[in-house]
Amino acid sequence: MTTNLFSPIQIGTLELPHRIAMAPLTRSRAGQPGNIPQEMNVEYYRQRAGAALIITEATQISQQGQGYAWTPGIHSAEQIAGWRKVSEAVHDAGGRIFLQLWHVGRVSHQSLQENGALPVAPSAIAAPGKTFIVDADGKGAWADVPVPQELTINGIAAIVADYVQAARNAIAAGMDGVEIHAGNAYLIDSFINSNSNKRSDRYGGNVTNRARFLLEVVDAVTAAIGPERTGVRLTPMGRFMGMGDETPLETWGYIAHALNSRNLAYLHLVEPAIVGTVKDHTHDPMWDEVIRLMRKNYNGTLILAGGYDFETANKALAARRADIIAFGRPFISNPDLPERFRQNAPLTPADPATFFGGTAVGYTDYSVFDSKGGVVA
Ligand SMILES: Cc1cc2nc3c(=O)[nH]c(=O)nc-3n(C[C@H](O)[C@H](O)[C@H](O)COP(=O)(O)O)c2cc1C
């Protein structure tokens with residue numbers, strides 16, 4: 001029988017009833033002060049518990065790892081307690097949930113760092129972009145990112161230890177596992193890509209060296225919580241925030257091969273046509289080639305995300321391009337997305353104006369579908 005979105009699948013020790021996962025989505029609504037998940041966040045995730053797997057919004061592993069205002073962390077006791085309420089609500093509603101672990105690296109600002117320190121990166125090269133901070137009046141504002149400080153070898157080891165502690169904290173918070181965010185120009189991705197990593201030590205230069213930090217994080221986290229509870233997300237050939245690599249097929253092919261031996265719960269890739277949150281409508285045949293190569297080099301469960309709808313997702317599963325499809329924006333505005341797909345019901349479009357920050361509006365007030373009454377609250 002052809003695999004489709006409703007075929008069950010097992011990842012690690014979890015039985016997923018179907019293959020419609022919720023992609024990680026930053027919503028910038030953590031409780032303040034302290035970046036602590038609050039009641040509104042519990043409700044948001046509870047509403048989406050019908051997903052095969054929820055992957056939470058990116059969650060900073062340390063204060064140093066924060067790059068945007070109002071994003072949640074997993075490094076304080078209060079944050080762990082807040083996330084525990086989220087995981088319990090999702091489990092009570094029959095769902096499964098992994099927490100996405102995040103260190104933004106150079107995509108940060110002194111105002112978000114302890115003692116106003118400079119953000120850290122493999123090399124002292126500024127990202128061509130802005131980040132979102134709180135200004136002197138307590139309002140959100142976009143700010144240029146500064147030239148970061150180059151990490152020392154000890155600094156790198158300290159961050160690996162922060163990933164381990166954060167993974168343990170996620171498990172203490174009742175999560176089924178963690179997803180290591182290694183994409184979108186953040187710290188791990190900026191080590192991988194040759195144009196943001198100009199180091200001459202064992203963390204820079206050839207592909208083996210540029211992938212070393214990723215693999216150290218993966219090995220340390222899997223040793224702490226188990227490979228069956230660990231996933232990795234990559235954005236191969238991503239161009240967000242100035243990412244780029246001189247030898248993409250070699251780099252991403254090597255990484256898929258190296259991760260294959262780690263027995264992870266899954267590998268999660270974003271289609272290269274997606275840049276951050278925006279689709280690039282040009283088409284580079286190498287984007288397909290890199291996904292095919294990674295699929296070939298990685299024998300475990302592969303999740304793909306990026307611009308999918310019901311039809312294209314089913315096609316990708318039937319063609320064995322992926323095993324699971326993660327949906328981002330459709331899950332923002334359709335909390336019952338799997339049920340809508342099942343009933344062939346119309347989808348509610350998402351409103352980008354309420355993606356980041358704000359209240360329950362555009363967050364927990366999207367309706368569910370009822371076959372008799374249409375869309376109901
Ligand atoms: C509002 C918003 C927030 C996002 N936050 C994250 C994030 O925290 N971590 C991450 O890996 N990707 C993040 N993404 C990317 C999505 O996970 C997904 O890859 C992207 O939206 C493409 O999928 P879609 O077309 O189904 O929305 C975000 C995207 C959007 C629209």
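First listed ligand is number 1; within each ligand, the first listed atom is number 1.
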Less than 6.0 angstrom separating the ring centers of F341 and F327, yes or no?
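Between F341 and F327, the centre distance is under 6.0 Å.
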Please tell me if atom 10 (C) of ligand 1 is touched by the protein, where touching means a protein heavy-atom distance below 4.0 Å.
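Under the 4.0 Å cut-off, atom 10 (C) of ligand 1 does have protein heavy-atom neighbours.
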Which residue supplies the protein heavy atom nearest to atom 15 (C) of ligand 1, what is that atom called, and how far is it?
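That would be R233 NH1, 3.9 Å.
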Of the side chain and backbone of [X], name the one, both, or neither that has a heavy atom under 4.0 Å from an atom of ligand 1.
{"X": "H181", "value": "side chain"}
{"X": "K279", "value": "neither"}
{"X": "T277", "value": "side chain"}
{"X": "F356", "value": "side chain"}

Classify the ring geometry of W142 against Y68: parallel below 30°, tilted from 30° to 60°, perpendicular beyond 60°.
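Ring orientation, 0 to 90° scale: perpendicular.
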Check contact between G307 and ligand 1, using heavy atoms of the residue and a distance below 4.0 angstrom.
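Distance cut 4.0 Å: G307 passes for ligand 1.
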Could you say whether the N/O atoms of E57 and ligand 1 ever approach to under 3.5 Å?
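Between E57 and ligand 1, no N or O pair is found under 3.5 Å apart.
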List ligand 1 atoms under 4.0 Å from [X], heavy atoms only on the residue side.
{"X": "Q100", "result": "7 (C), 8 (O), 9 (N), 10 (C), 11 (O)"}
{"X": "A58", "result": "8 (O)"}
{"X": "F327", "result": "26 (O)"}

Once salt bridge (Lys or Arg N to Asp or Glu O under 4.0 Å) is applied, do any residues pair with R229, and if so which ones, sequence neighbours excluded?
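Partners of R229 by the salt bridge (Lys or Arg N to Asp or Glu O under 4.0 Å) criterion come out as none, since no residue qualifies.
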Side chains of E228 and Y266: is there a donor and an acceptor less than 3.5 Å apart?
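Distance-only check fails for E228 and Y266.
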Please collect all side-chain hydrogen bond (donor to acceptor under 3.5 Å, both in side chains) contacts where either partner lies in residues 144-154, sequence neighbours excluded, each pair once.
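Pairs touching residues 144-154 that pass the test: K130-D144.
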